[in-house]
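Heads up: the structure comes next, in C-alpha cells.
What you see is a predicted model; the values in this text were computed from it and never measured.
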Amino acid sequence: MMDNCETNPRTDSFLKQLTDSQRQAVCHVDGPLLIIAGPGSGKTRVITYRIAELIRAGVRPWNICAITFTNKAADEMRQRALALGASSSVHISTFHSLCVRILRQYSDSVQLANNFSIYDSKEQARCVKQAIKDCDLDSSNFAPARMHSAISTLKNNMEDVDSYEAEAIGFFPKSLAKIYRRYQTILGENNALDFDDLLMRTALLLRDNKQVRDQLSERFKYLLVDEYQDTNSAQYEIAKYIALSHGNICVTGDPDQSIYRWRGADIRNILIFEKDWPQAKVIKLQENFRSTPNILKIADKLIANNSKRKAKLLIPTRDAGQEVCVDAYEDETTEAMAVAEKINQLVDKGCQLRDIAIFYRVNSMSRVLEEAFIQNQLPYQIVRGVEFYGRKEIRDMLGYLKILVNPSDEVSLMRIINTPTRGIGKTTIGRVADYARVNRITLYQALTKVSQITTISNGPKAKISVFINMIEKFKASINKKVAELMEIVFEESGLKKSLSFVVDSDKDALENVNELINSAAKFDEQAEEALLIDFLQQISLFSDADAYDASNNRVALMTLHAAKGLEFKNVFIIGLEEGILPHERSSNGDDEELEEERRLFFVGITRAKDNLNISYAKYRTIRGQMLRSIPSQFLYELGIDFAESTIAAEPEASYSSGHSYDYSEFAKVEKVSKSKYAYIKNQLVRHKKFGLGRVESFKDMGENSIVTVRFNNGQVKSLMLKYANLTEP
DNA sequence: CATAGCCGCCTTTTT
DNA sequence: GGCGGCTATG
C-alpha cells in the first residue's frame, strides 16, 4: 500500500484540516501503529479519517474493523465515516458486539447453541447465588457479590474453570473454583453467556483454533482499536490474534484516562504495545483542541500526582478563558440548588442546555440534582440507559421474548411463568423441576410434557398447558417484526392488563413498555433483517453511555465513567470529598486504586471546553445518615491555583441561597508544613462516637490531614484529623 | 396460592 | 435508603 496522501481531491480537503502528526496517523497504512493521544486531541476523529483514508488507499471496506468503547461511539463513528465516503461494510462495533458475532458464526467450534442468551448483572448474580447454594457453601462466608466479581476477574484474565481449578490451593480458592464450575454449568444449562464469557470464549477460540484465527485475520485485514488503555486481557488477546498474521493494528489511547482497572482493564496493554509490535510506529498527539489553558492547567497539576505514569504534555491551543471555579457548600441540597442556579445564569447568558453537563462519582448522587432541577424547571436527562432495562415491567416483557429465542433460558422462564399471576405456584413449579431433573430435560421441555407428570393434579396441569400453548403460539410469530411480536406478547400474555390495573402511581409502567415497543419499531426499520435474537442481544450490550442523546436540549447528568469520550462547553463536577472522590472503597490502602480515582477526576476535568465548576459539600447524607465530609485530597493537590482564582478573587460572589464560600481549608495550602501529629499504621486510637480502632492509613496534609481508622465495630472511616478528636486508647 | 409487610443486607464505577 | 427475600395472613 502506498504511504502518501496527496492525490485525491475529496480526501484532500479533510486532510488539510489536520495537524502534521494527525495527518501522519491517518495516512500511515501498513503495519502496527500506536497513537498516544491526550484528551481533546481529536483521536476519535483521527481514527474515523483513517478509515476513510485506508479505503482511499485501496483497502476494501469489508476488510476494516474498528473497535470503539461504547455502542454510541460506534454509531457516531459509522455515521462520520460514511460522510467521509466509507461504506457500511466497514465493521465498527465494541469488542462485546464483535464477540457476539464471532461466537454466533463459529458456535459449532465452541460447542454453543447460537441462540444463546446474554445475562446481565442481575441475572448473573442470580446464577452465582444459585451456584453457591448448590455447592453447599454459606453465603455469609461467600458473599455472592464478591464471588461474582472474583469469577469476573478470573474470566477477564482468561482463566477458564479447568485452568483455575488446577492451580487453586487452599480452602478459599478451592471453594471459589467449585462455585465457578457450578456457575458455568448453570449458565450452560440455560444456554447463556455472561459479559465476560463473550470476551473470554472468543479469545480462547482465537487462541486455540488456527483455522478460525486465519479466517478472521483474512476478514479483518486492518484493525483499529480506540481507548486501548481500557482493554482487559481477553480483549487484548482478541486484538492480538486478529492482527497476528498481518500486523495491521492501529491502537489509540491515553494511559492517563484508564479508568476501568476494576473491570480487568490493564494499562500495561498500551504501555507494552511497542514490545508486542517491534515495528510499531508511534505517534503522539499532545495538542489539546478542546479545553482552555485554565482547565488544562488544573488537569495537568492533578495528574502530575500520579507516580506510575509517563509524563505527557497537554499543549493548549486555545485562549486562556475563564478561571476554574471551586466551590464549597453546606450540604448536598445546597450544592444541587447552587448548581441549578449557576445553570440558570448560564442560560440567561444564552447558553444552551445541551452544552452543560454534571458529573458525579456514584449514581445515587443524581437524586438530589434531579429534585433541584425539577424545582428550577430545568430540563435534564440522566444518562443511565441500563436503568430502563432494569425495570420490572421491561424485564418481564424481555423475559417472554428471551424464552421464544432460547427456551433453555430458565432464569427468564422462571421470571414470567407466573407473571402476571396465572395460578402456577411454587409447589407446582417445584414438581415440574423435579421431573425435569429426573428425566434430564430442561424445565421448558418438562412443562410441555406436563400431562405425564403424575405428581401434579389436573388444575395446575391445565394452567401449565394454557401457558405452554400461549408461548408456542408466540413462537410461531417469531419472524414477524419485533415490534409487532411485542404487541402480541404484551397483549396476550396478560401483562398489559395487569399493568393497567395498577392504580395511578405506576402509570409509567405502561408507558415504559410502549417505549420499549417504540425502540423495537426503530430497530425493525434500521436493521436489514430484523431478527428478534439480534434485538435482544443488542439490548443486552446496551450501556449507560449509549443513552446520551445530544439532540435533545437538556442538561446531561452522568457518572464520571459515563462521561468518557464526551465533551461539553460547561462542566460541573460535584462531590469532591474524601470517600466519594476518591471513593472510600478504592482508597483503602492501594495506591493503584487511588491513582485510578485521580485519573477519573482527570477524565472529568478534561471533558470541559470553556467552563469548569468543581464543588464539594461540608455535610453529605449517605444512606440516610448525615455525615461531616472532608474535602477531597485531590482538591488539596490542585493547591494554590484555585485558592487564588475563584475563591480568593471573589469570595463575596455567593449565591442568593445565602451560603458562603469556605476557603479556610485551602487558603494556606502552600505554606502548610507537616502536621505535628503523625499517626502510624495499626496504631490504636479512640473516637468518642465510634470507639476503639486501629489506624489504617494517615495522609499528612498539615491542617487537612486525614486519618483512616478501622473501628472495632467493623466500620472503616476517613476522618479529618482536626475534627476527629482522636485520643489515646 | 397470592399478597402485604417487615427484616436484613449492601460493591460505587459497567460491558 | 432501597431492594430482595421471607413470613404471616387471607
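- Using a cutoff of 4.0 Å between basic side-chain nitrogens and carboxylate oxygens, A:R598 and A:D256 are not scored as salt-bridged.
- Taking atom CZ of A:R263 as the reference point, atom P of B:dT13 lies 13 Å away to the nearest angstrom.
- With sequence neighbours left out, the ring pair (Phe, Tyr, Trp, His ring centres under 6.0 Å) criterion links A:F542 to A:Y389.
- An aromatic stack links A:W262 and the base of B:dT13, using centre distance under 5.5 Å and interplanar angle under 30°.
- Taking A:F195 as the reference, nothing meets the ring pair (Phe, Tyr, Trp, His ring centres under 6.0 Å) condition, with sequence neighbours excluded.
- Look at the P atom in both B:dT13 and C:dG4: the space between them is 15 Å, to the nearest Å.
- For A:R361 against B:dT12, a side-chain-to-base donor-acceptor contact under 3.5 Å is present.
- If you check every strand for non-hydrogen atoms under 4.0 Å, A:S364 touches nothing.
- The existence of a salt bridge linking A:R620 and A:D331 is excluded, since no basic side-chain nitrogen approaches an acidic carboxylate oxygen closer than 4.0 Å.
- Under the stacking criterion of a centre-to-centre distance below 5.5 angstrom and an interplanar angle below 30°, A:H583 sits stacked against the six-membered ring of B:dT12.
- Going from atom CD of A:Q538 over to atom P of B:dT15 covers 14 Å, rounded to whole Å.
- Take A:E595 and apply the salt bridge (charged side-chain N to carboxylate O under 4.0 Å, His left out) test, not counting sequence neighbours, and it matches no residue.
- Rounded to an integer number of Å, the gap from A:H561 NE2 to B:dT13 P is 9 Å.
- In this structure, of B:dT12, B:dT3, B:dT14, it is B:dT14 that holds the atom nearest to the side chain of A:Y260.
- Within 4.0 Å (heavy atoms only), A:F95 reaches no atom of the nucleic acid at all.
- Scanning for ring pair (Phe, Tyr, Trp, His ring centres under 6.0 Å) contacts around A:F95 gives an empty result, with sequence neighbours left out.
- Between A:I573 atom CD1 and B:dT12 atom P the separation is 22 Å, expressed in whole Å.
- We find that CG of A:D546 is positioned 7 Å from P of B:dT15, with the value rounded to whole Å.
- Note: CD1 (A:I574) to C1' (B:dT12) measures 14 Å, nearest angstrom.
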N/O donor to acceptor pairs below 3.5 angstrom from side-chain atoms of residues 455-466 of chain A, sequence neighbours left out:
residue: A:K461; atom: NZ; partner: A:S451; partner atom: O; Å: 3.3
residue: A:K461; atom: NZ; partner: A:I453; partner atom: O; Å: 3.3
residue: A:S465; atom: OG; partner: A:K461; partner atom: O; Å: 3.1

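- A:F568 and A:F359 have perpendicular rings, their planes meeting at more than 60° on a 0 to 90° scale where under 30° would count as parallel.
- Between A:T559 and A:A143, the one whose closest nucleotide on DNA chain B sits nearer the 5' end is A:A143.
- Put simply, A:N418 has a side-chain N or O that comes within less than 4.0 Å of OP1 or OP2 on B:dA2.
- Rounded to whole angstrom, the span from the CG atom of A:D196 across to the C1' atom of B:dT15 amounts to 8 Å.
- Protein atom CD of A:E596 is 14 Å distant from nucleotide atom P of B:dT13, rounded to whole Å.
- For B:dT14, neither phosphate oxygen OP1 nor OP2 lies less than 4.0 angstrom from any side-chain nitrogen or oxygen of A:S543.
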| task | Mark up nucleotides 1-10 of chain C, 5' to 3', with B wherever a protein heavy atom is under 4.0 angstrom from a base atom, S wherever such an atom reaches only the sugar-phosphate, and - elsewhere. | result | BS-SS-----
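- Using a 4.0 Å heavy-atom criterion, one finds that A:D194 contacts no nucleic acid atom at all.
- Counting only heavy atoms from C-beta on, A:T421 has its side chain closest to B:dA2 among B:dT15, B:dT13, B:dA2.
- A:N363 comes within 4.0 angstrom of sugar-phosphate atoms only, judged by non-hydrogen atoms across all strands, and of no base.
- Residue contacts shown for A:S149 include a base, since a base heavy atom lies under 4.0 Å away.
- In the set B:dT11, B:dT14, B:dT12, B:dT11 carries the atom at the smallest distance from any side-chain atom of A:A145.
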